[in-house]
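So you know, we letter chains A, B, ... as the sequences are listed, proteins then strands, and number each from 1.
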Amino acid sequence: MIDLKAVRENPEAVRASQRARGEDESVVDALLSADERRRAAISRADALRGEQKLFGKQVGRAKGEEREALLAKGKELAAEVKAAEAEQHAAEAELTELHRAIPNVVHPDAPEGGEDDYVVLKHVGEPREFDFEPLDHLDLGVKLGAIDMERGAKVSGSRFYFLTGIGAQLELALLNMAASLATENGFTLMITPTLVRPEIMAGTGFLGQHASEVYRLRDDDLYLVGTSEVPLAGYHADEILDGERRYAGWSSCYRREAGSYGKDTRGIIRVHQFNKVEMFSYVRPEDAEAEHARLLGWEEEMLGRVEVPYRVIDTAAGDLGTSAARKFDCEAWVPSQRAYRELTSTSNCTTFQARRLNIRYRDENGKPQTVATLNGTLATTRWIVAILENHQMGDGSVRVPAALRPYLGGREVLEPISR
RNA sequence: GGAGGGUUGGCCGAGCGGCUCAAGGCACCGCCUUGCUAAGGCGGAAUCGGUUCAUCCGAACGCGGGUUCGAAUCCCGCACCCUCCA
């Protein structure tokens, strides 16, 4: 949820944010008038309750006939209080509904527009020139005995796969390298639940416009997470923290990929289930932007270690998630597609998630304040695509980036299996 | 699936219809005492909302209803946690 006080003080900033996202700005005025009604209702109910409270004390002391008269008056008061409270609850419910529907206020420097309106911040590394026709990751993966899509489909359906042999080892190596980098930099490694309660899923902002992306277990009223951001955000729900926290979550991630029929149907680029190591930070709001830059820095360090060319983009407002104020993606060069594809994504959610999940810290005066939350990717299954394709050697073998070798028992080359 | 027990402030924990505007302790913040450490004394704040320049008012004892002039306390639902049984 966005900060109501900030909306009152500067409604135009929120309207501008809605415009930048390409969304309805009239909700801001609806919100303000609901807020007005709520505050009026609270004042009325408060005053009546105060009266009733004083009155109750008189009754306690009164005797005989006087008491009878007071009791009658008290009944009337009680009815009035009840009505005023009902009004208050209705006004609050109305406000909350509007309030929850509004996405986070976008950062003023985030580009306006939709998916294609991103701004490229920089390129790192040059796409390699091949003196042979490069294979795509699936052809390579099959030759290496690393990926089995057909049996994935047999067992679980489309967009499911098995990582086999060296493929499974490669993924573990990659995720372990990410976990090492995270712990070296002060993150606490976490293996998280992947099924969460509705209020946690709602709190992280995934049940808004992107609800159709989320798997739901109706029989148990639980949701399968699309990222460990969800359990890591929920980890400190309803708590008051005494300092900043950094976690690296390792989990499987589940996505329905509704509406992406026909897109990326080949290989493991877009799948229903994958693994990920995700950074998650709780910091003071004034430190959030600096933290965002740090998260991006660690993502780039990972990309440097696997030696793939990439670019960094500043995602446009319309392509931000509900919770994000700003988002940077790192996109790696995928030779078979001659295109950059997203490998990491880091979002500054400012106080949006924390306000919903009621996560606070104590400031220097001991007053509870809402924290800011941020997240960013360190490695996912999809990275295998970029690694295989960029480091292929023409005979179907793949060079292992030097930094990854210690996590693969020192292996320098992945060789095709003989049939 | 069945049977019990529980849910009170940052934490522990008392309270079971109006001396609770939630005791007491821990932790926290001041001040004082003791040469340092450890400890002790006195005081304070504490959660949410409304309002104000400081104030004041209201709410809050898992959540939602009900009984009552008045509910942490009584009644009814629900959720969650724990233990035991299958």
> Looking only at atom C1', what distance separates G10(B) and C48(B), rounded to whole Å?
Replying inline: 15 Å
> Counting only Watson-Crick or G-U wobble pairs whose two distances fall under 3.5 Å, which nucleotide matches A3(B)?
Replying inline: U83(B)
> Toward the 5' end of RNA chain B, which comes first, Lys5(A) or Ala47(A), by nearest nucleotide?
Replying inline: Lys5(A)
> Of the nucleotides C81(B), G50(B), A46(B), which has the atom closest to the Arg197(A) side chain?
Replying inline: C81(B)
> Within this structure, what is the CG-to-C1' distance between Asp363(A) and U47(B), rounded to whole angstrom?
Replying inline: 14 Å
> Can you tell me how far P of C28(B) sits from CD1 of Ile240(A), to the nearest Å?
Replying inline: 16 Å
>> Can you tell me the base-pairing partner of C36(B)? Count Watson-Crick or G-U wobble geometry only, both distances below 3.5 Å, and say none if there is no partner.
In response: none
> Does U51(B) have a Watson-Crick or wobble mate here (both distances under 3.5 Å), and if so which one?
Replying inline: none
>> If you assign each of Lys82(A) and Arg39(A) to its closest nucleotide in RNA chain B, which residue comes earlier from the 5' end?
In response: Arg39(A)
> Is any N or O donor-acceptor pair between the side chain of Asp242(A) and the base of G10(B) shorter than 3.5 Å?
Replying inline: no
>> Rounded to whole Å, how long is the line connecting atom NE2 of His89(A) with atom C1' of C63(B)?
In response: 12 Å
> In whole Å, what separates the C1' atom of G17(B) from that of G6(B)?
Replying inline: 23 Å
> Roughly how far apart are Met177(A) CE and Arg405(A) CZ, rounded to 0.5 Å?
Replying inline: 12.0 Å
> Which nucleotide, in any strand shown, forms a Watson-Crick or G-U wobble pair with C28(B), with both distances under 3.5 Å?
Replying inline: G44(B)
>> With no hydrogens and no angle check, just 3.5 Å: does a side-chain donor-acceptor pair link Ser252(A) and Asn275(A)?
In response: yes
> To the nearest angstrom, how far is Arg362(A) atom CZ from A27(B) atom C1'?
Replying inline: 10 Å
>> Using atom P in both nucleotides, what's the gap between U7(B) and C75(B) to the nearest angstrom?
In response: 15 Å
> What interatomic distance, in whole Å, is found between P of A23(B) and the corresponding atom of C32(B)?
Replying inline: 28 Å
>> Would you call the rings of Trp298(A) and Phe187(A) parallel, tilted or perpendicular, taking 30° and 60° as the class edges?
In response: perpendicular
> Within this structure, what is the OH-to-P distance between Tyr361(A) and G10(B), rounded to whole angstrom?
Replying inline: 17 Å
> Arg355(A) near the nucleic acid: base, sugar-phosphate alone, or nothing, with a heavy-atom cut-off under 4.0 Å?
Replying inline: nothing
> Should the heavy atoms of other residues, nucleotides or ligands under 6.0 Å from OH of Tyr235(A) be counted, would the total exceed 12?
Replying inline: no
> Atom CD1 of Ile42(A) to atom C1' of C56(B): distance rounded to whole Å?
Replying inline: 16 Å
> In whole Å, what separates the C1' atom of A14(B) from that of A72(B)?
Replying inline: 12 Å
>> Val385(A) vs Arg341(A), test: side-chain contact (heavy atoms from CB on, under 4.5 Å). Steps then yes/no.
In response: CA-CA 10 Å; Val385(A) 174; Arg341(A) 299 301 306 267; over 6 Å; no
> What is the distance from CG of Asp238(A) to P of G62(B), rounded to the nearest Å?
Replying inline: 14 Å
>> For the C1' atoms, the ones on C56(B) and on C19(B), what distance do you get once it is rounded to whole angstrom?
In response: 24 Å
> Distance between the P atoms of G41(B) and A27(B), in whole angstroms?
Replying inline: 12 Å
>> Using the C1' atom as the point on both nucleotides, what is the distance between A59(B) and U51(B), in whole Å?
In response: 14 Å
> C48(B) P sits how many Å from Gln88(A) CD, rounded?
Replying inline: 17 Å
> Since syn is defined as within 90° of 0, does C19(B) count as syn or as anti?
Replying inline: syn
>> Please confirm whether the shortest side-chain N or O distance from Arg38(A) to OP1 or OP2 of G50(B) is below 4.0 Å.
In response: yes
>> Is Arg360(A) close enough to U47(B) that one of its side-chain N or O atoms is under 4.0 Å from OP1 or OP2 there?
In response: no
> Which nucleotide, in any strand shown, forms a Watson-Crick or G-U wobble pair with C63(B), with both distances under 3.5 Å?
Replying inline: G77(B)
> More than 12 non-hydrogen atoms from neighbouring residues, nucleotides or ligands closer than 6.0 Å to CZ on Arg151(A), yes or no?
Replying inline: no
>> Can you classify the ring geometry of His236(A) versus Tyr247(A) as parallel (below 30°), tilted (30 to 60°) or perpendicular (above 60°)?
In response: tilted
